[in-house]
Protein chains: 2
Amino acid sequence: MSGRAATKDLVLDAAEALFSAKGVDGVSLRTLTKEAGVNLAAVHYHFGSKEEVVKAVFARRIRPMNRERLAMLDALEDRGRPEVEEIVTALVAPALRLAGDSPARQRFMRLCARLYSEPAEYLQQLYMEEFSQVIDRFERVFRSALPSLSRAEVRRRMHFVVGLLVHTMLNSAPVRRWTSGACDPADAESTLAAIVSFAAAGMRAPVPDTPDCVRGGVT
Amino acid sequence: MSGRAATKDLVLDAAEALFSAKGVDGVSLRTLTKEAGVNLAAVHYHFGSKEEVVKAVFARRIRPMNRERLAMLDALEDRGRPEVEEIVTALVAPALRLAGDSPARQRFMRLCARLYSEPAEYLQQLYMEEFSQVIDRFERVFRSALPSLSRAEVRRRMHFVVGLLVHTMLNSAPVRRWTSGACDPADAESTLAAIVSFAAAGMRAPVPDTPDCVRGGVT
DNA sequence: GTACGATTCAGACAGACGTTTGAATCACTC
DNA sequence: GAGTGATTCAAACGTCTGTCTGAATCGTAC
């Protein structure tokens, strides 16, 4: 504990960079340890398996992010009943600008976003563990700001917000190409403002006539 | 050409099912050919490489979907100036309900959505090839329905719509868990109505004060 | 019924994968 | 400075990967 935990962090840093660029399945432990400058066997000495490395990589960044989300929500509720825009900001901003400098931020964004799309079972499970509390909390706050929406509809729309956030974080390259460089998602402030405006309007949208959530489960 | 192309289709069918469940990297050619009931070497005889199989799997579904999108747009414009809701529907509906029966539809949705999140270079390239025309067309129609938005802002918001659509298609399991089965994304009509309402409101949202797209490129 | 192009097949190829080993090296206590 | 537990190291394990080969089989035209 007191000694240098350098090796562990070297592995995590390299894993974060490589996973965010090529996906978990696209990076071998040999590539990873060579990039990190550590021995191949160090991975199994410190983590036990590749799966544990992956879980550690995600947990290291996602936990602080979700802590910040909840903290922003706390601060909002201390000041009274939050606006929809404020709640959306608390959900989006920690994801967009947790990391400091620009290349590192971009790496981190892609890493987080990738968690949603990685198909591996244990990552889906990790996702549920890390996010269920945050989801529950945001659902309550959103519901008090949008009392006309059913609980299920609030969750569905939250899912939409998360979806557009994730997609923005993950696919910054196509966006930059589409907009010919005019809209750089790496510009966190501009992106944040655009998402908040769009998402708040979506959250406030009228409930469609179609009975939105009345069906039973379908296999 | 006239002979039975059964083997090719067997491979594509099995690939679609397996890729959509485990991702491209998570499926080996041995698993794939065993599932398809064909010989391992048949893949290289008919396709040449795994990469070509992957491209064929995506192209087979995405091309008809995008054709339907453009056809819906044509039909809308023949009847006059389309509403935002109608344009969103033309973008979303073909993705949600192209396939017929329910399990096949779910497989197809996950497959399409996965194209956005697969990190492999050649898939990003395929994505650009298949979608750039659709993007351009929708941008023009959206702009005429939302004249107050800049070209870059329209593209950005279209990206948000695609993002929430993709996320909805890809992560149907978590949504079902969150909403305790009340909102099943497999219910295409309900999902479509919810997305259209949310996305149309987002597209119409006021442009935030922050100068949205004025910066030059950032490395 | 035989000849021929198209297709299928079992088997093997080299390389990459995650994992494990056992000895070598390190940091530190007494 | 001998001893000890933590850490690093090169090397190898068996398995799986995508790809390729050459012979066997098929459908069909003559």
Side-chain angles (χ1 to χ4, degrees), chain A residues 1-60 114 118-126, chain B residues 1-60 114 118-126:
Chain A
M1 183 63 71
S2 63
R4 51 191 278 278
T7 302
K8 245 178 144 166
D9 285 334
L10 287 174
V11 171
L12 289 176
D13 291 341
E16 181 175 304
L18 290 172
F19 288 165
S20 65
K22 306 184 192 182
V24 168
D25 284 329
V27 178
S28 73
L29 288 184
R30 283 169 177 80
T31 308
L32 174 54
T33 50
K34 185 172 289 181
E35 179 72 19
V38 305
N39 189 270
L40 172 61
V43 164
H44 292 89
Y45 178 78
H46 286 286
F47 295 92
S49 69
K50 183 183 182 181
E51 189 171 309
E52 291 300 320
V53 175
V54 176
K55 283 156 79 169
V57 165
F58 281 113
R60 180 172 70 148
R114 206 168 284 286
E118 287 286 349
E121 188 103 9
Y122 68 97
L123 283 181
Q124 303 273 0
Q125 187 185 333
L126 174 68
Chain B
M1 184 61 74
S2 63
R4 51 191 278 277
T7 302
K8 246 179 142 165
D9 284 334
L10 287 174
V11 171
L12 289 176
D13 290 341
E16 181 176 304
L18 290 171
F19 288 165
S20 66
K22 307 185 191 181
V24 169
D25 285 328
V27 179
S28 72
L29 288 185
R30 281 170 179 78
T31 308
L32 173 54
T33 51
K34 184 171 290 180
E35 179 73 19
V38 304
N39 190 270
L40 171 60
V43 165
H44 292 88
Y45 178 79
H46 286 286
F47 295 93
S49 69
K50 183 183 182 180
E51 189 171 310
E52 291 301 320
V53 175
V54 176
K55 282 156 80 169
V57 165
F58 281 114
R60 180 172 70 148
R114 204 168 286 285
E118 287 286 348
E121 188 102 10
Y122 68 97
L123 283 182
Q124 303 274 359
Q125 187 185 332
L126 174 69

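On a predicted model such as this, the values are computed, not experimentally measured, just so you know. Computation of the quantities below employed the complete heavy-atom set of this structure, encompassing side-chain atoms and omitting hydrogens, waters and symmetry-equivalent molecules. Just so it is clear: chains get the letters A, B, ... in the order the sequence lines come, proteins before strands, and each one is counted from 1.
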query = Looking only at side-chain N and O atoms, does B/H46 come under 4.0 Å of OP1 or OP2 in C/dT8?
reply = yes
request  = Could you tell me the separation between the NZ atom of A/K34 and the C1' atom of D/dT8, rounded to a whole number of Å?
outcome  = 17 Å
query = At under 4.0 Å, does any side-chain N or O of A/H44 touch on OP1 or OP2 of C/dT20?
reply = no
task = Establish, with yes or no, whether the OP1 or OP2 oxygen of D/dT7 is under 4.0 angstrom from a side-chain nitrogen or oxygen of A/T7.
result = no
task = Go through D/dT19, C/dT8, D/dT8 for me and flag the one nearest to the B/Y45 side chain.
result = C/dT8
remark   = B/L10 atom CG is separated from C/dT7 atom P, nearest whole Å, by 14 Å
message = Which heavy atom of A/A15 sits nearest to which heavy atom of A/V57, and what is that distance?
response = CB-CG2, 3.5 Å
Separation of atom CZ in A/F47 from atom P in C/dT20, rounded to whole Å = 16 Å
message = Please compare B/A42 and A/L29 by the position of their nearest nucleotide in DNA chain C and report the one closer to 5'.
response = B/A42
ask   = Roughly, in whole Å, what's the span from NZ in A/K50 to C1' in C/dA16?
value = 11 Å
query = Within the structure shown, what part of the strands sits under 4.0 Å from B/V53 by heavy-atom distance: base, sugar-phosphate, or nothing?
reply = nothing
ask   = Counting only side-chain N and O atoms of A/S28, is one of them less than 4.0 Å from OP1 or OP2 of C/dA16?
value = no
request  = Would you please confirm or rule out a distance under 4.0 Å between OP1 or OP2 of D/dT7 and any side-chain N or O of A/N39?
outcome  = no
inquiry  = Distance check, rounded to the nearest 0.5 Å: A/L123 atom CG versus A/E51 atom CD?
reply    = 7.5 Å
query = Which heavy atom in B/K8 sits nearest to a heavy atom in B/F47, and how many Å separate them?
reply = CG-CZ, 3.7 Å
inquiry  = Over all strands shown, is B/A41 touching base, sugar-phosphate only, or nothing at heavy-atom distances under 4.0 angstrom?
reply    = base
ask   = Expressed in angstrom and rounded to an integer, what is the separation of B/E52 atom CD from D/dT19 atom P?
value = 10 Å
ask   = B/K8 has an atom NZ; how far is it from atom P of C/dA6, in whole Å?
value = 14 Å
ask   = B/L40 side chain: which of C/dG11, C/dT19, C/dC17 is closest?
value = C/dG11
Integer-rounded Å distance: C/dC17 C1' and A/E51 CD = 15 Å
ask   = Can you check whether B/V24's main-chain N or O pairs, donor with acceptor, with B/K50's side chain at less than 3.5 Å?
value = yes
Determine all donor-acceptor pairs shorter than 3.5 Å in which one atom belongs to a side chain in residues 33-46 of chain B; sequence neighbours excluded.
| residue | atom | partner | partner atom | Å |
| --- | --- | --- | --- | --- |
| B/T33 | OG1 | B/L29 | O | 2.8 |
| B/T33 | OG1 | B/R30 | O | 3.2 |
| B/N39 | OD1 | B/A41 | N | 2.9 |

